[in-house]
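Treat the numbers as computed from the prediction; the structure is a model and nothing was measured.
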Amino acid sequence: MVVGALTVFPGQRRVEWSGSPVELTSTEFNLLEMLARNAGRVVSKAELSEQGLGRPLARFDRSIDVHLSSIRHKLGLRGDGRSWIETVRGLGYQLVRE
């Protein structure tokens, strides 16, 4: 699965960014794979929690935010200084297609 510079190998649970391997935890891989499958579309925190973490989203649970912050750091910034993973306030997150 290819989204811009991101290549996800679901069967191998491996990710490359611009051809270089990206070291991700199992949870980070699950979340990034979900965002890649839905690139350009907002994925809710509830969906990410249920499918990425395997549990319903709990009130005040910040684990999704922490994992996505780590993924953002590993992917780096776009040319304009913004993140590849955007927060859509009140809705969720989306992986930018470019």
### Task
Only counting residues at least two apart or in another chain, list the ones meeting side-chain hydrogen bond (donor to acceptor under 3.5 Å, both in side chains) with E28.
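With neighbours one apart ignored, the set is S70, K74.
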Could you pull out all residues at least two apart from [X] that satisfy salt bridge (Lys or Arg N to Asp or Glu O under 4.0 Å)?
| X | value |
| --- | --- |
| R97 | none |
| R14 | E16 |
| R78 | D80, E86, E98 |

Partners of [X] by side-chain contact (heavy atoms from CB on, under 4.5 Å), sequence neighbours excluded?
| X | result |
| --- | --- |
| S44 | A46, E47 |
| S20 | none |
| R72 | S83, I85, T87, Y93 |
| A36 | M1, V3, L6, V8, L95 |

### Query
After noting the C-alpha distance and the side-chain angles of L53 and N30, does the key distance pass the side chain to side chain contact (heavy atoms under 4.5 Å, CB included) rule?
CA-CA 7 Å; L53 302 180; N30 292 344; over 6 Å; no
### Message
Before you tell me yes or no, could you show the steps for L48 and L68 under side chain to side chain contact (heavy atoms under 4.5 Å, CB included), namely the whole-Å CA-CA distance, both residues' side-chain angles and the distance that decides it to 0.1 Å?
### Response
CA-CA 10 Å; L48 288 168; L68 290 178; 4.3 Å; yes
### Heavy-atom closest contact (P10 atom, E33 atom, distance)
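So the minimum-distance heavy-atom pair works out to CB-OE2, 3.3 Å.
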### Query
How is the hydrophobic cluster of V42 composed, in terms of its other members, when Ile, Leu, Val, Met, Phe, Trp and Tyr link through side-chain heavy atoms under 4.5 Å apart, directly or indirectly?
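Taking Ile, Leu, Val, Met, Phe, Trp and Tyr as members, V42 shares its hydrophobic cluster with V88, L91.
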### Query
Is the CD atom of E23 crowded by more than 12 outside heavy atoms at less than 6.0 Å?
no
#### Entry: Rounded distance [0.5 Å steps], NE2 in H67 versus CG in L31
6.5 Å
### Task
Not counting sequence neighbours, list each pair that qualifies as a ring-ring contact (aromatic ring centres under 6.0 Å, His included) and has a residue in residues 34-53.
none
## Note on the structure
For residues 29-50, the ring-ring contact (aromatic ring centres under 6.0 Å, His included) pairs (sequence neighbours left out) are none
Mind listing the side-chain donor-acceptor pairs of residues 56-63 below 3.5 Å, one per line with the distance, residues two or more places apart or on another chain?
residue: D61; atom: OD1; partner: S63; partner atom: N; Å: 2.9
residue: D61; atom: OD1; partner: S63; partner atom: OG; Å: 2.8
residue: D61; atom: OD2; partner: R55; partner atom: NH2; Å: 3.3
residue: D61; atom: OD2; partner: S63; partner atom: OG; Å: 3.4
residue: R62; atom: NE; partner: D65; partner atom: OD2; Å: 3.4
residue: R62; atom: NH1; partner: D65; partner atom: OD2; Å: 3.2
residue: S63; atom: OG; partner: R55; partner atom: NH2; Å: 2.9

